Trainee: 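One structure, as structure tokens, below. Some questions next.
Only this structure's heavy atoms are used, side chains among them; waters, hydrogens and symmetry mates stay out. Bear in mind that the values here come from a model prediction, so they are computed numbers and not experimental data. Every chain is numbered from 1 and lettered A, B, ... according to where its sequence line falls, protein lines coming before strand lines.
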Amino acid sequence: MENTIYDVLKSRDLIKQITFEDEFKQLAKEEKFSLYLGIDPTADSIHIGHFIPLMMMSYFQKCGHKPIILIGGGTALIGDPSGKTDMRKMLTQKDIENNVESIKKQVSRFISFEGENAAIIVNNADWILKQNYIEFISKIGVHFNVNRMLSAECFKQRMENGLTFFEMNYMLMQSYDFLHLFENENCRVEIGGDDQWSNMLAGVDLIRKLHKSGSFCLTCPLLLNSEGKKMGKTVNGALWLSKEKTSVYDFYQYWRNIEDSEVYNVLRMLTFLPMDEVNRLSNLDGSKINEAKKIVAYEITKLIHGEEEALIAKNTSEELFENSNISDTMPTVIVDKEDLNILDLLIKCDITSSKSQGKVLINQGGILIDDNKITDINYNIDISKKEVILKKGKKVFIKIIIK
RNA sequence: GGGAAGAUGUCCGAGUGGCUAAAGGAGGCAGACUGUAAAUCUGUUAGCUUACGCUUACGAUGGUUCGAAUCCAUCUCUUCCCA
């Protein structure tokens, strides 16, 4: 590949901030190195927020560099003392192993764990937990200037509602991770979301203090919608990458429904489509941009769930929305004969969480069965039917199979 | 260690004895208009009930009162100031 990783990332505008830019450009030209990305293993699945750094990592790997995924098992073992809500769940060794396995599975669609520059997964528990406190603060802590730390943007916000010592230590631990990988794995670069900039910068500085040079970090832009909020949040929380948590169909629909203004960013940051194509698609006018959204949805779904699943989701959506046909693969709920009352049914299908809510929906004309608007809140589904199509609003379709 | 302020629905935030299931805003959902977009307008947004109404709910637990988000006591937590 004649383009260096720097050129590639630059062309997709995936670099938000970078340290020692010129030096990094040179390094990218001359050497193959390792780079790392830290992931908090508090859940057994990663969500879309992790995705852009992983895309970045994938580009690095394509350019011949070796990705290291760092699982924050050590830091997760420490309870969060800020006590805002509950104590952070303590993770057992076993939890972490499970999480690592599923994360690996999800990531392996676009990052390879085989071959010459295979990615590896490490757990910072392996070195953090061995640390002796006094040794740690005298070896690492002396290099951190509290005044400077406090002036960092990420602490400024915390200053307003209280900052705990733990949170300050977090920076040291993260920096130490980088140092450890630098010394043991030839890891030269840390990547991450832009909210991690201060922490990452601290690691780069630490290494440069101890080893004079060679460390870099770069951040990717956060994926924001037009209102400046993080994308990938749904009613039910995050948009997960595992299909047990977010179904492939829902995942596809999320991207199919993005705003016009988001198409460009999503294509550029979340797909591997060539930039020519990205530009062409995002400049489509008016309703034609729907074509671009279909491609966005398909490409991202393919990347996460594989081609087969993506095709199914795409076909299901087209059947439902464009041909108003019933699709075999649409979301389906099986109910007993006892649940044929419309209000019960809505709860059963997770469309509403209470009967009151269901009544409101029906009164507003938001519920359709087999394309007939339901107006009676006592409506019962015809018992002779084997299956019906329940529609909420314009976008939610569920096939009901009556047992 | 001393002092001050505060905790309200998904979130922000008004409310200082009955008119409060709790103003207003944001967000969510539905309807109209559209392109499975945005913007705009309308409705709706604790649970149960066809409904009258009932049951929960303003940090927790007790108390005062015919009646408490509102007053009192204790506790928990948060923030700020002084040391």
Trainee: Kindly say if A:Ser287 contacts the phosphate of B:U34, meaning a side-chain N or O under 4.0 Å from OP1 or OP2.
Mentor: no
Trainee: For B:U20 versus B:U70, give the span between their C1' atoms, rounded off to a whole number of Å.
Mentor: 11 Å
Trainee: In whole angstrom, give the distance that lies between atom CD of A:Gln357 and atom P of B:A46.
Mentor: 9 Å
Trainee: Can you tell me, in whole Å, how much space there is between the P of B:U45 and that of B:G24?
Mentor: 12 Å
Trainee: Can a donor-acceptor pair under 3.5 Å be found between the side-chain atoms of A:Asn363 and the base atoms of B:G43?
Mentor: no
Trainee: For the residue pair A:Asp177 and A:Trp127, confirm or rule out a side-chain donor-acceptor distance under 3.5 Å.
Mentor: yes
Trainee: Indicate whether OP1 or OP2 belonging to B:G31 is found under 4.0 Å from a side-chain N or O atom of A:Lys394.
Mentor: yes
Trainee: Does B:G27 pair with anything, Watson-Crick or G-U wobble, both distances under 3.5 Å, and if so, with which nucleotide?
Mentor: B:U45
Trainee: Quick one: which of B:A37, B:U36, B:C29 gets closest to the side chain of A:Lys293?
Mentor: B:A37
Trainee: So which nucleotide does B:A32 pair with, by the Watson-Crick or G-U wobble rule with both distances under 3.5 Å?
Mentor: B:U40
Trainee: Compare all side-chain heavy atoms of A:Leu311 with those of A:Tyr298 and state whether any distance is below 4.5 angstrom.
Mentor: yes
Trainee: How far apart are the C-alpha atoms of A:Glu116 and A:Lys32, what are their side-chain angles, what is the distance that settles it, and do they pass the salt bridge (charged side-chain N to carboxylate O under 4.0 Å, His left out) test?
Mentor: CA-CA 11 Å; A:Glu116 213 166 285; A:Lys32 300 300 175 199; over 6 Å; no
Trainee: The side chain of A:Leu361 lies closest to which of these nucleotides: B:A30, B:U50, B:A37?
Mentor: B:A30
Trainee: So which nucleotide from B:G47, B:A51, B:U36 ends up closest to the side chain of A:Lys359?
Mentor: B:A51
Trainee: B:A51 and B:G13: how far apart are their C1' atoms, nearest whole angstrom?
Mentor: 34 Å
Trainee: Do A:Tyr36 and A:Glu185 meet the criterion of a side-chain donor-acceptor pair at a distance under 3.5 Å?
Mentor: no
Trainee: Is A:Gln253 touching bases, backbone alone, or none of the nucleic acid, heavy atoms closer than 4.0 Å?
Mentor: base
Trainee: If you check the A:Ile289 side chain, which of B:C29, B:U49, B:G35 turns out closest?
Mentor: B:G35
Trainee: Quick one: which of B:G35, B:A37, B:C48 gets closest to the side chain of A:Lys355?
Mentor: B:C48
Trainee: CD1/A:Ile401 to OG1/A:Thr332 distance, rounded to the nearest 0.5 angstrom?
Mentor: 5.5 Å
Trainee: Between A:Ile377 and A:Tyr252, which has a closest nucleotide on RNA chain B that is more 5'?
Mentor: A:Tyr252
Trainee: Can you figure out which of B:U36, B:C33, B:U49 approaches the side chain of A:Arg256 most closely?
Mentor: B:U36
Trainee: When rounded to the nearest Å, what value does the distance between P atoms of B:A23 and B:C77 take?
Mentor: 32 Å
Trainee: I'd like to know if A:Lys288 pairs up with A:Glu291 as an ion pair, taking the criterion as any Lys NZ or Arg NE/NH1/NH2 lying under 4.0 Å from an Asp or Glu carboxylate oxygen.
Mentor: no
Trainee: If we take the P atom in both B:G62 and B:A69, what is their distance in whole Å?
Mentor: 15 Å
Trainee: Nearest-Å distance, NZ (A:Lys294) to P (B:U36)?
Mentor: 9 Å
Trainee: Identify the nucleotide, in any strand shown, that forms a Watson-Crick or G-U wobble pair with B:A7, with both distances under 3.5 Å; if there is none, say none.
Mentor: B:U76
Trainee: On a whole-Å scale, what distance lies between the P atoms belonging to B:A14 and B:G6?
Mentor: 11 Å
Trainee: Name the pairing partner of B:C71, where a pair is Watson-Crick or G-U wobble with both distances under 3.5 Å, or state none.
Mentor: B:G63
Trainee: Output yes when at least one side-chain N/O atom of A:Lys395 is less than 4.0 Å from OP1 or OP2 of B:A37, else no.
Mentor: yes
Trainee: Need one value for A:Thr352: base, sugar-phosphate or nothing, where a base atom within 4.0 Å counts as base even if backbone is also close, heavy atoms only.
Mentor: nothing
Trainee: Take the protein atom CD1 of A:Ile295 and the nucleotide atom P of B:U36, then report the distance between them rounded to whole Å.
Mentor: 16 Å
Trainee: Please give the nucleotide sitting opposite B:C58 as a Watson-Crick or G-U wobble pair, both distances under 3.5 Å, or none.
Mentor: none
Trainee: Rounded to whole Å, please give me the gap between CG in A:Asp350 and P in B:C29.
Mentor: 15 Å
Trainee: Grab the CG-C1' distance between A:Leu346 and B:U45 for me, whole Å please.
Mentor: 16 Å
Trainee: Report the residue (A:Glu322 or A:Val360) whose heavy-atom-nearest nucleotide on RNA chain B is the more 5′ of the two.
Mentor: A:Glu322
Trainee: Would you indicate what A:Lys373 reaches in the nucleic acid, counting non-hydrogen atoms under 4.0 angstrom: base, sugar-phosphate, or nothing?
Mentor: nothing
Trainee: Just how far, in rounded Å, is C1' of B:A37 from CG of A:Asn265?
Mentor: 16 Å
Trainee: For the pair A:Lys10 and A:Glu21, evaluate salt bridge (charged side-chain N to carboxylate O under 4.0 Å, His left out) and give the outcome as yes or no after the intermediate values.
Mentor: CA-CA 11 Å; A:Lys10 208 68 188 169; A:Glu21 188 159 0; 3.5 Å; yes
Trainee: Starting at OH of A:Tyr254 and ending at P of B:A37, how long is that distance when rounded to a whole Å?
Mentor: 14 Å
Trainee: Could you grab the distance from atom CG of A:Leu54 to atom CD1 of A:Ile69, nearest 0.5 Å is fine?
Mentor: 6.0 Å
Trainee: For the C1' atoms, the ones on B:C54 and on B:U49, what distance do you get once it is rounded to whole angstrom?
Mentor: 8 Å
Trainee: What's the gap between B:G28 and B:U78 when it is taken at their C1' atoms, as a whole Å value?
Mentor: 28 Å
Trainee: To the nearest Å, give me how far apart NZ (A:Lys391) and P (B:A30) are.
Mentor: 11 Å
Trainee: I'd like to know if A:Gln364 reaches the base of B:G43 with its side chain, counting only an N/O donor and acceptor under 3.5 Å.
Mentor: yes
